[in-house]
Participant: 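Sending over a structure as structure tokens; questions will come in a sec.
Just the heavy atoms: all of them, side chains too, but no hydrogens, waters or symmetry mates, feed the values below.
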Amino acid sequence: MTSKEIRQKFLKFFKSKGHKIIPSASLIPENDPSVLFTTAGMQQFKPYYIGKKNAKEDFGSLNVASVQKCVRTSDIDEVGNGSHLTFFEMLGNFSFGGYWKIDAIKYAYEFITSPDWMNLKIDYISVFAGEDKIPPDSESEKIWKSIDPNIVVKKSGRADNFWGPTGEEGPCGPTTEIYVDGIEIWNIVFNEFYQNSDKTLKPLETKGVDTGMGLERLVKVVQKVPTVFDTDLFALIISSIISIVGDKPIEKIRIVADHLKAIAFIISDGVEVSNVGHGYVLRRLIRRAMLIHHKFIGASLDVNFYKAPVETIINTYPELNEKKDKIFEAIGEETEKFEETLEKGLKEFNWVARTYENEKMNKQELPASIVFGLVTTYGFPFELIEEISKERGMTVDRQLFQNRMEEHKIKSRASSEQKFKGGLGGHSEMEIKYHTATHLLRQALEEVLGENMTQKGSNITPERLRFDFSFNRKMTDEEEQKVEDLVNQKISENLPVNKMVMNKEEAEKTGAAHVFGEKYGDEVSIYYIGDSLESAWSKEFCGGPHAENTGDLASIGGPEENPRDKKPKRVFKIIKEEASSAGVRRIKAILE
Ligand code: SER
């Protein structure tokens with residue numbers, strides 16, 4: 001039986017039992033801020049369970065059925081193992097006061113076991129054992145036994161046999177689940193309660209039935225294949241990847257296939273890549289797929305990475321055809337963007353990991369600060385760092401990382417609050433440029449005057465920079481010229497300015513410049529100028545902010561000029577070099 005036939009049979013079966021067939025809702029739930037994506041078939045029907053809407057009026061029936069597309073990112077770590085997916089379809093029948101446990105269980109039994117329908121053998125079923133003063137669901141157990149006296153019944157508590165609510169509050173209740181070939185196929189929820197946001201339960205006026213059966217899992221057991229990835233919902237997609245990359249670890253290929261499918265569906269429901277909400281999940285999925293493709297499958301990251309598989313996905317799900325251009329465009333743009341970061345990030349990871357290994361600290365754990373830096377600076381998904389670390393025999397502590405992320409969020413909230421209160425939008429554009437120029441100057445001085453020169457202070461206004469450093473004589477004109485030339489050369493090289501956050505101990509090991517005697521927090525950021533921290537021409541402990549690129553320093557002629565297109569002759573100019581106090585020299589410089 002093909003997956004298409006299975007979908008049709010499901011709907012036909014429930015139609016024959018008096019259900020109205022409702023099309024899948026969007027992956028982005030309407031009017032439900034409690035969840036980001038549609039994660040279950042019941043999502044679009046929530047208002048009917050709690051009496052906010054009337055099914056009879058809207059559908060002409062109290063009983064409905066659907067095939068709902070769903071996205072669940074909570075199981076992302078399990079994807080690849082054979083039965084978990086981020087995108088899947090859920091077959092479901094629902095009743096809002098129409099029928100109750102007897103009919104719901106009878107329908108499920110008939111659909112699964114009858115030779116006219118799925119013709120499968122049930123391994124066992126599970127029912128709610130009772131917990132937290134909620135009584136056991138003996139009614140369901142009795143119904144099952146009356147249908148099949150030999151059925152194997154397992155009982156579990158709230159964790160496994162009680163469902164909902166989705167989000168903070170909502171309908172919920174005990175479930176009975178059907179297992180075939182060792183996997184959970186169908187979850188039949190009896191919504192008897194409403195859970196309030198304070199976690200207390202109250203009985204629902206109208207009792208509802210909410211069932212969910214993963215299409216991919218059902219197809220797997222019907223088609224008698226080892227994993228969901230071997231079903232006709234995946235086989236062609238998987239082989240289109242294999243035909244490009246060859247014989248590579250199959251679990252990784254499966255993850256890429258799963259993610260590309262979720263990506264295509266999310267884009268087709270109108271989501272655009274961004275740094276918040278749905279767009280952020282989309283970005284994470286694209287980046288995760290790319291990283292896995294690059295790192296574990298080892299294939300190059302040109303358009304072939306996604307072109308053939310996405311074509312195959314669209315052929316497998318013709319409803320995506322309408323949004324084909326949009327899908328390719330969005331994936332194309334994001335992959336291009338991430339490609340640049342990716343290479344740098346992987347280099348950085350290897351370097352950091354190597355440095356850490358070289359320290360022979362006998363520690364197997366990658367510090368949370370480094371993990372944090374990779375996530376925030378390079379957009380590395382956390383799970384990926386976990387996987388790459390494992391490859392090198394290292395571990396990362398998820399909890400520590402999450403704590404740090406939390407702290408970071410609180411801090412950045414506090415700092416934007418502060419800026420807001422101070423009435424300042426942060427720093428002016430010129431100050432930011434002078435700030436980056438100061439880093440270039442410091443490094444140039446070190447190269448021309450030697451490592452004895454150390455920074456004593458710096459001061460920036462929108463008009464100029466001032467830099468104090470210890471040195472025991474006046475600089476010669478030649479030295480001044482060399483320093484100036486070096487800074488201008490770096491400006492003309494259009495070098496990227498990057499930031500990496502790590503703990504102080506780690507940061508000191510990178511050899512980044514910092515002011516002696518200065519108090520730094522436990523966590524510092526290093527700004528480095530160049531493609532990677534390892535190869536950077538300049539690296540310094542610094543709070544920022546900085547220009548994105550040294551080429552930006554040449555841009556003083558207004559927005560119509562693009563400084564990166566032309567070579568600046570002389571942008572940076574030393575206007576004064578004088579004694580500031582004993583053994584300390586002071587330079588004033590401008591960007592012309
Ligand atoms: N809402 C339940 C689930 O998601 C049954 O549909 O499993």
Participant: What heavy-atom pair brings T461 and E431 nearest, and what distance separates the two atoms?
Facilitator: C-CG, 3.9 Å
Participant: We want to know whether N488 and E484 form a side-chain donor-acceptor pair, criterion being a heavy-atom distance below 3.5 angstrom.
Facilitator: no
Participant: Using a strict threshold of under 4.0 Å (side-chain N to carboxylate O), is an ion pair present between D269 and K69?
Facilitator: yes
Participant: Just so I know, are the side chains of Y306 and I286 near enough to count as touching, which here means a heavy-atom distance under 4.5 Å?
Facilitator: no
Participant: Can you give me the closest heavy-atom contact between G530 and L495, atom names plus distance?
Facilitator: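 Minimum heavy-atom contact is N-CB, 4.4 Å.
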Participant: Roughly how far, to the nearest 0.5 Å, is the CD1 atom of I292 from the CD1 atom of I253?
Facilitator: 11.5 Å
Participant: State which residues pass side chain to side chain contact (heavy atoms under 4.5 Å, CB included) with K324; sequence neighbours excluded, sorted by chain then number.
Facilitator: E311, I314, N321, F328
Participant: How long is the span from the CD atom in E548 to the CG atom in N498, to the nearest 0.5 Å?
Facilitator: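 Result: 10.0 Å between the selected atoms.
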Participant: A side-chain contact here means heavy atoms from C-beta on lying under 4.5 Å apart; do I327 and S268 qualify?
Facilitator: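 Counting from C-beta outward, I327 and S268 do come under 4.5 Å.
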Participant: Using a 4.5 Å cut-off on heavy atoms from C-beta on, say whether the side chain of L282 contacts that of I263.
Facilitator: yes
Participant: Within 45° of the six-membered ring axis of F234 and under 6.0 Å from that ring's centre, is NZ or CZ of K261 located there?
Facilitator: yes
Participant: For E508 and H514: C-alpha separation, side-chain torsions, deciding distance, then whether side-chain contact (heavy atoms from CB on, under 4.5 Å) applies.
Facilitator: CA-CA 9 Å; E508 277 165 358; H514 47 285; 4.1 Å; yes
Participant: Looking at every non-hydrogen atom in both residues, tell me the closest pair between N494 and G551 and how far apart they are.
Facilitator: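 For N494 versus G551, the nearest heavy atoms are OD1-CA, 3.0 Å.
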Participant: Among residues two or more places apart or on two chains, list those pairs meeting salt bridge (charged side-chain N to carboxylate O under 4.0 Å, His left out) that have a residue in residues 456-472.
Facilitator: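 Every salt bridge (charged side-chain N to carboxylate O under 4.0 Å, His left out) pair that includes a residue of residues 456-472, provided the two are not neighbours, is D468-R586.
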Participant: Would you call K482 and E479 a salt bridge, taking side-chain N to carboxylate O under 4.0 Å as the test?
Facilitator: no
Participant: Do R442 and E446 sit within salt-bridge range, that is, some charged N less than 4.0 Å from a carboxylate O?
Facilitator: yes
Participant: Please report the shortest heavy-atom distance between E169 and S197, naming the atom on each side.
Facilitator: CB-N, 3.9 Å
Participant: So, for P496 and D531, which heavy atoms are closest and what is the spacing to 0.1 Å?
Facilitator: CG-OD1, 3.5 Å
Participant: Report the C-alpha distance between L441 and F469 in whole Å, list the side-chain angles of each, state the deciding distance to 0.1 Å, and finish with yes or no for side-chain contact (heavy atoms from CB on, under 4.5 Å).
Facilitator: CA-CA 11 Å; L441 172 62; F469 59 102; over 6 Å; no
Participant: Atom CD of residue position E322 - does it have more than 12 heavy atoms of other residues, nucleotides or ligands inside 6.0 Å?
Facilitator: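 12 or below, so no.
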Participant: Please identify each residue that fulfils side-chain hydrogen bond (donor to acceptor under 3.5 Å, both in side chains) with Y527, with sequence neighbours left out.
Facilitator: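 For Y527 there are no side-chain hydrogen bond (donor to acceptor under 3.5 Å, both in side chains) partners, ignoring immediate neighbours.
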Participant: Enter the distance from H293:NE2 to I244:CD1 here, rounded to the nearest 0.5 Å.
Facilitator: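 It is 7.0 Å, given to the nearest 0.5 Å.
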Participant: Between the side chain of Y434 and the main-chain N/O of A589, is any donor-acceptor distance below 3.5 Å?
Facilitator: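 Checking the backbone N and O of A589 against the side chain of Y434, no donor-acceptor pair under 3.5 Å is found.
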Participant: With rounding to the nearest 0.5 angstrom, report the NZ to CG distance, K588 to N459.
Facilitator: 9.0 Å
Participant: How about CD on E493, more than 12 heavy atoms from neighbouring residues, nucleotides or ligands closer than 6.0 Å, or not?
Facilitator: yes
Participant: Could you walk me through whether I590 and E592 pass side-chain contact (heavy atoms from CB on, under 4.5 Å), step by step?
Facilitator: CA-CA 6 Å; I590 54 166; E592 283 192 313; 3.9 Å; yes
Participant: Short question: side chain of R72, backbone of T39 - any donor-acceptor pair under 3.5 Å?
Facilitator: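 Yes.
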Participant: Does any N or O in the side chain of H278 come within less than 3.5 Å of the main-chain N or O of F37, such that one atom is a donor and the other an acceptor?
Facilitator: no
Participant: Is the number of heavy atoms from other residues, nucleotides or ligands within 6.0 Å of CD (E478) greater than 12?
Facilitator: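 No - once you tally the heavy atoms of other residues, nucleotides and ligands closer than 6.0 Å, there are 12 at most.
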Participant: Looking at S525 and C542, would you say the former's side chain and the latter's main chain have a donor-acceptor pair under 3.5 Å?
Facilitator: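 Between the backbone of C542 and the side chain of S525 there is a qualifying donor-acceptor contact (under 3.5 Å).
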Participant: Should the pair Y317 and F265 be assigned to parallel (<30°), tilted (30 to 60°) or perpendicular (>60°) ring geometry?
Facilitator: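 Geometry flag for F265 against Y317: perpendicular rings.
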Participant: Any idea which heavy atoms bring V396 and S389 closest together, and the distance?
Facilitator: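 Answer, listing the atom of V396 first, then S389: CG1-OG, 3.7 Å.
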Participant: When rounded to the nearest 0.5 angstrom, what distance separates CD1 in I529 from NE2 in H439?
Facilitator: 7.0 Å
Participant: If you measure from OH on Y528 to OG1 on T510, what distance do you get to the nearest 0.5 Å?
Facilitator: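 Taking OH in Y528 and OG1 in T510, the distance rounds to 11.0 Å.
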Participant: Taking C-beta and beyond as the side chain, do I432 and D552 meet within less than 4.5 Å on heavy atoms?
Facilitator: no
Participant: Tell me, yes or no, whether the heavy-atom count around E272 atom CD, taken from other residues, nucleotides or ligands under 6.0 Å, exceeds 12.
Facilitator: no
Participant: Counting only heavy atoms not in K474 (residues, nucleotides, ligands), do more than 12 fall under 6.0 Å from its NZ?
Facilitator: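 For K474, atom NZ is crowded (more than 12 foreign heavy atoms under 6.0 Å).
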Participant: Is any side-chain heavy atom of F229 less than 4.5 Å from a side-chain heavy atom of I250?
Facilitator: no
Participant: Determine, stepwise, if the pair M475 / I587 fulfils side-chain contact (heavy atoms from CB on, under 4.5 Å).
Facilitator: CA-CA 10 Å; M475 283 171 72; I587 281 179; 4.0 Å; yes
Participant: Report yes if some heavy atom in the side chain of M502 is under 4.5 Å from a heavy atom in the side chain of L533; otherwise report no.
Facilitator: yes
Participant: State plainly whether the residues E386 and R398 are in salt-bridge range, i.e. N to O under 4.0 Å.
Facilitator: yes
Participant: Within the structure provided, determine whether L400 and R404 are in side-chain contact (heavy-atom separation under 4.5 Å).
Facilitator: no
Participant: Donor-acceptor pair, S458 side chain versus L465 backbone, under 3.5 Å?
Facilitator: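 Not confirmed, S458 side chain does not pair with L465 backbone.
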Participant: Answer whether the closest heavy-atom distance between the side chains of F87 and I266 falls below 4.5 Å.
Facilitator: no
